[in-house]
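We name chains A, B, ... by the order of the sequence lines, and we start the count at 1 in each one. These numbers come from the heavy atoms of this one structure, side chains and all, not from hydrogens, waters or symmetry mates.
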Amino acid sequence: MTVIQFLVEVAGTYVATLAFGILINIPRRALNIGGWIGVLGYLLYRFTVLGGGGYVVGNLLGAVAIGVASLQAAKFKKMPMILFNIPAIVPLVPGGQAYQMVKNFALGQNNTAFNYLLQVVMISGAIAFGFLLSELVNRVQRRVWRHRR
Amino acid sequence: MSSQKKRDQLILHTALTAGRIMIENGSEIERVEDTMTRIAHNAGAQTSQLFVMITGILMAINGEVGAQIEPVKRRTFDLEKIAVVNDLSRQYADHKIDLQQFSNRLDHLDSVSRYFPFWLQLLAAAMVSGPLEVVFRHNLPDFWITCVVGMLGWLVYYLLSKFIQIRFLSEFAAAAAIGVLAVLGVHLGLGNSVDDIIIGSVMPLVPGVPITNSVRDILAGNLVSGPARGVEALVSAAAIGFGIAMVLQFM
């Protein structure tokens, strides 16, 4: 992966996250930070995959990062957390695999299709589990904060 | 009616309207419960009992006035309204506005919707499709055609949603349109790969709000609303898939 390619990916992720935020009507002052959270999650995913960690672990780490970063942003901006994490998971959605699955089912190649189905299920599960883990981090943090006060 | 009773009615009305607006526009259940409890608490109600579901809310305070029901009839994605309700609730907690003002502003918020201008939404649909196609598939030459196809697909979805109230049908039609346009684009020599164009173009239709909320609701222990949202997301995904599959079968 060249540097140019890498920069194009980062820019693409940022623009896409921001634009998805516009489609679901996120307030203007939350858009920018949401875009950067999307980039953060995607970068973590990309580097894990490049480092040989596999796409399931990559998606898991990406989702954890998005969940934790969204809560910090929500605290900082005093806005609901879902404004940040909904657009940010869009770059992690297994769109390519889901499409290949549909295509192969439509063309009657069921074996290939089941392969892709398995990938889609694994990735979605990893993202969901990543959110669960981030929720754990958030709850521990909240408990610690309350304890200190 | 005594003034205490009137006050209780106003508290109930405010909390229920706030909750309904939040669910209608795509909030998770835990946040709704939290906000409504806070409103009742800040308004001086000693106790409040809540039952929040994705299709309706039940609330009672103080055990004096009878519980009231607020049905939730429609569901759209307008996260700005959730942020506004959140802001108003914070202002009320800080005593910047009183209960009557809070209630009036909620009623006003309910009747107006402040979306981004239409051209910006179209541009946003294009800017979701094209960049994600490049990110996922590294196919730079097909960037422009993906932007155009994604924008047109989203236009179909938007127009159909205005006329038919069933979101799944609009998604199905939009996906089918995207498939036809992608095949047509490659046929006319405007793009190289049907697969890449379709993968990028369906991204604006991805049901991001139901997926995220479903996971969060299930984690919070809302075992009725969470799976309901999951089904919503699944049906959306299936509608998009069927639209694409239908086109691929015939081409």
side-chain contact (heavy atoms from CB on, under 4.5 Å) evaluation trace for B:Met203 with A:Val90: CA-CA 8 Å; B:Met203 289 312 282; A:Val90 169; 4.1 Å; yes
Against chain A, label B:Val206 side chain, backbone, both or neither, depending on which of its atoms sit under 4.5 Å from a heavy atom there. both
Whatever's closer than 4.5 Å to a heavy atom in chain B on A:Met101 counts as neither
Could you grab the distance from atom CZ of A:Phe20 to atom OG of B:Ser129, nearest 0.5 Å is fine? 11.0 Å
Choice from A:Gly108, A:Ala16, A:Ala19 maximising heavy atom contacts with chain B below 4.5 Å: A:Ala19
What pair of heavy atoms forms the shortest contact from A:Leu107 to B:Leu248, and how long is it? CD2-O, 4.3 Å
Distance check, rounded to the nearest 0.5 Å: B:Phe136 atom CZ versus A:Tyr99 atom OH? 14.5 Å
Neighbour count >12 (heavy atoms, 6.0 Å) for atom CZ, B:Arg38: no
Residue B:Phe250 excluded, over 12 heavy atoms near CZ under 6.0 Å: no
Proximal component of B:Tyr115, with respect to chain A [non-hydrogen, under 4.5 Å]: both
Does B:Phe168 CZ have over 12 foreign heavy atoms under 6.0 Å away? yes
More than 12 foreign heavy atoms under 6.0 Å from NZ of B:Lys96: is that the case here? no
Only pairs of heavy atoms separated by less than 4.5 Å count here; which of A:Gly12, A:Ala106, A:Pro27, A:Pro80 has the most with chain B? A:Pro80
Hey, which of A:Ile26, A:Val102, A:Leu23 has the most heavy atom pairs under 4.5 Å with chain B? A:Leu23
Here the pair of heavy atoms bringing A:Pro91 nearest to B:Leu132 is CA-CD2, 4.2 Å
For atom CD1 of B:Ile166, decide whether the heavy atoms of other residues, nucleotides or ligands shown that lie under 6.0 angstrom number more than 12. no
So which part of B:Asp87 gets closer than 4.5 Å to some heavy atom of chain A, the side chain, the backbone, both or neither? side chain
In plain terms, say whether B:Asp94 and A:Lys78 are close enough for a salt bridge, that is, a side-chain N and a carboxylate O under 4.0 Å apart. no
Could you have a look at A:Arg28, A:Met79, A:Met81 and say which one has the most heavy-atom pairs with chain B under 4.5 angstrom? A:Arg28
Distance check, rounded to the nearest 0.5 Å: B:Ile218 atom CD1 versus A:Leu132 atom CG? 10.5 Å
Distance check, rounded to the nearest 0.5 Å: B:Arg216 atom CZ versus A:Asn85 atom CG? 6.0 Å
Can you find a heavy atom in the side chain of A:Asn25 that is under 4.5 Å from one in the side chain of B:Leu79? no
Heavy-atom pairs under 4.5 Å with chain A - which of B:Lys81, B:Arg90, B:Gln121 has more of them than the others? B:Arg90
Measure B:Val215 against the heavy atoms of chain A and call it side chain, backbone, both or neither at under 4.5 Å. side chain
Taking the side chain as everything from C-beta on, heavy atoms only, tell me whether B:Ile244 gets closer than 4.5 Å to A:Lys103. no
Return yes when atom CZ of A:Phe129 has more than 12 non-hydrogen atoms of other residues, nucleotides or ligands closer than 6.0 Å, and no otherwise. no
Proximal component of A:Tyr42, with respect to chain B [non-hydrogen, under 4.5 Å]: side chain
Quick one: which of A:Val15, A:Ile127, A:Ile82, A:Val93 has the most heavy-atom pairs under 4.5 Å with chain B, could you say? A:Ile82
Please indicate whether A:Ile4 has more than 12 foreign heavy atoms, meaning atoms of other residues, nucleotides or ligands, lying under 6.0 Å from its CD1. no
Return the CD1 to CD1 distance between A:Ile86 and B:Ile211, rounded to the nearest 0.5 Å. 10.0 Å
Are the side chains of B:Asp195 and A:Gln100 in contact, using a 4.5 Å heavy-atom criterion? yes
Honestly, the part of B:Leu219 sitting under 4.5 Å from a heavy atom of chain A is side chain
Which portion of B:Asp78 sits near chain A, non-hydrogen atoms under 4.5 angstrom: both
Highest number of heavy-atom pairs under 4.5 Å with chain A: which of B:Gln249, B:Glu28, B:Arg31? B:Arg31
What part of B:Asp196 gets within 4.5 angstrom of chain A, counting heavy atoms only: side chain, backbone, both, or neither? neither
Honestly, the part of B:Arg114 sitting under 4.5 Å from a heavy atom of chain A is both
